[in-house]
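In what follows, chains carry the letters A, B, and so on, assigned in the order in which the sequence lines appear, proteins first and then strands, with residues in each chain numbered from 1.
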2 protein chains.
Amino acid sequence: MLELTPMANILDAYLSILRSQGFKLTPKRRSVIELFIKEKRILAPQDVHQMLKAVITPLGIPTIYRILEELSSIGILVPVLSDNRLLSYALCGKPKVHHHHFVCRKCHNVDEVDYCNFDAISKLIAKKLGGVVERHSLNIEGLCIRCKE
Amino acid sequence: MLELTPMANILDAYLSILRSQGFKLTPKRRSVIELFIKEKRILAPQDVHQMLKAVITPLGIPTIYRILEELSSIGILVPVLSDNRLLSYALCGKPKVHHHHFVCRKCHNVDEVDYCNFDAISKLIAKKLGGVVERHSLNIEGLCIRCKE
DNA sequence: CTGCGTGCAAAGTATTTGCAAACCG
DNA sequence: CGGTTTGCAAATACTTTGCACGCAG
């Protein structure tokens with residue numbers, strides 16, 4: 001019994017999140033999500049536009065910016081600061097479950113990391129600084145298994 | 001016996017890092033570092049320019065971009081993605097010592113957090129994904145003690 | 001149908017470049 | 001003095017806005 005998750009299923013999961021948040025299922029939105037699933041790496045708005053405009057016509061840049069912002073607002077994408085100091089996005093495979101992303105500095109491949117022992121830091125901040133932690137994000141960078149040689 | 005660290009001393013520490021990296025001690029660079037020490041929060045290039053151009057004249061925007069990039073390259077500043085999706089920088093108090101930053105989402109105050117139990121995640125990635133972790137940065141966001149009410 | 005989505009054009013910002021003049025050490 | 005550093009102007013690049021038309025539900 002295979003454990004593969006067909007891309008169609010992954011996509012469906014995202015599309016149902018979209019719908020549940022009151023967004024319509026348009027070809028553009030669908031294509032953006034598909035692209036992130038397929039590429040499995042962080043992408044800047046310009047990248048997305050570049051890669052999709054060949055397939056989807058017409059496709060305006062403002063649309064891309066809008067879609068990325070929407071997807072990010074409902075947790076399907078997460079904003080990431082890329083090497084070139086540009087706002088980029090990574091697909092977030094588990095919008096509801098807490099986790100982090102390991103980004104390869106060479107091929108920009110993204111893997112998800114479940115483990116997060118964050119309570120300790122959170123408590124430390126409450127104790128030493130008196131602040132309340134609301135969110136945190138961990139950027140893990142290195143070389144993925146394919147690029148490391 | 002007071003335990004205060006006068007701003008002059010903090011500044012000197014940074015300036016000596018600058019020098020040791022072959023950078024010259026110019027008034028502009030000095031002022032940028034002083035600003036970060038004084039403000040104690042993340043600042044975007046435009047912020048820095050806005051705040052310094054009144055005091056230092058003349059002061060071009062390109063200079064600010066260049067200085068921020070330099071300071072970041074030697075670890076005095078760290079790049080941060082701010083709320084408004086713009087590249088900003090935070091002063092890094094311990095360039096040599098591993099630590100993280102707790103940024104208040106309201107006043108953008110930055111506090112440093114020493115604790116980091118990152119080994120576990122690092123090992124997990126090596127084991128489950130086969131990748132090598134080279135760097136990581138943790139963005140901790142919330143409300144500081146003054147803003148939390 | 002109805003209102004959300006999108007294209008397009010154009011404006012608004014942010015960032016980078018190239019070179020000559022100024023300055024640190 | 002010499003090589004850095006900086007100002008300036010202008011080019012580039014990135015991002016947002018407004019509005020009319022088009023399409024999903």
Assign each of B:Arg29 and A:Leu86 to its nearest nucleotide of DNA chain D by heavy atoms, then name whichever residue's nucleotide is nearer the 5' end. B:Arg29
Sorted by position of nearest nucleotide on DNA chain D, 5' first, the leading residue of A:Leu87 and B:Thr57 is B:Thr57
Would you say [Y] and [X] are linked by a side-chain donor-acceptor pair, where the criterion is simply a distance under 3.5 Å?
| X | Y | result |
| --- | --- | --- |
| B:Tyr65 | B:Gln46 | yes |
| A:His101 | A:Glu112 | yes |
| B:His100 | B:His136 | yes |

Rounded to whole Å, how long is the line connecting atom [atom1] of [X] with atom [atom2] of [N]?
| X | N | atom1 | atom2 | answer |
| --- | --- | --- | --- | --- |
| A:Glu70 | C:dC4 | CD | C1' | 10 Å |
| B:Gln21 | D:dT5 | CD | P | 12 Å |
| A:Leu71 | C:dG5 | CG | P | 11 Å |
| B:Glu69 | D:dT6 | CD | P | 14 Å |
| A:Leu15 | D:dA24 | CG | P | 14 Å |
| B:Asp47 | C:dT13 | CG | C1' | 13 Å |
| A:Leu18 | D:dG25 | CG | P | 10 Å |
| B:Lys24 | D:dT6 | NZ | P | 10 Å |

Tell me which nucleotide among [options] gets nearest to the side chain of [X].
| X | options | answer |
| --- | --- | --- |
| B:Arg85 | D:dT16, C:dT15, D:dC8 | D:dT16 |
| B:Lys28 | C:dT6, D:dG7, D:dC14 | D:dG7 |
| B:Thr26 | C:dG5, C:dC24, C:dC19 | C:dC24 |
| B:Arg66 | D:dA24, D:dT15, D:dG7 | D:dG7 |
| B:Thr63 | D:dT15, D:dT5, D:dG7 | D:dG7 |

So, are B:Glu141 and B:Arg105 salt-bridged, with charged N and O less than 4.0 Å apart?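 No.
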Are the charged groups of A:Glu34 and A:Lys38 less than 4.0 angstrom apart, N to O?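 Answer for the salt bridge query: no.
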If you assign each of B:Pro62 and A:Ile64 to its closest nucleotide in DNA chain C, which residue comes earlier from the 5' end?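 With B:Pro62 and A:Ile64 compared, the 5'-side residue is A:Ile64.
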Assign each of B:Ile61 and A:Pro58 to its nearest nucleotide of DNA chain C by heavy atoms, then name whichever residue's nucleotide is nearer the 5' end.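 Nearer the 5' end of the strand: A:Pro58.
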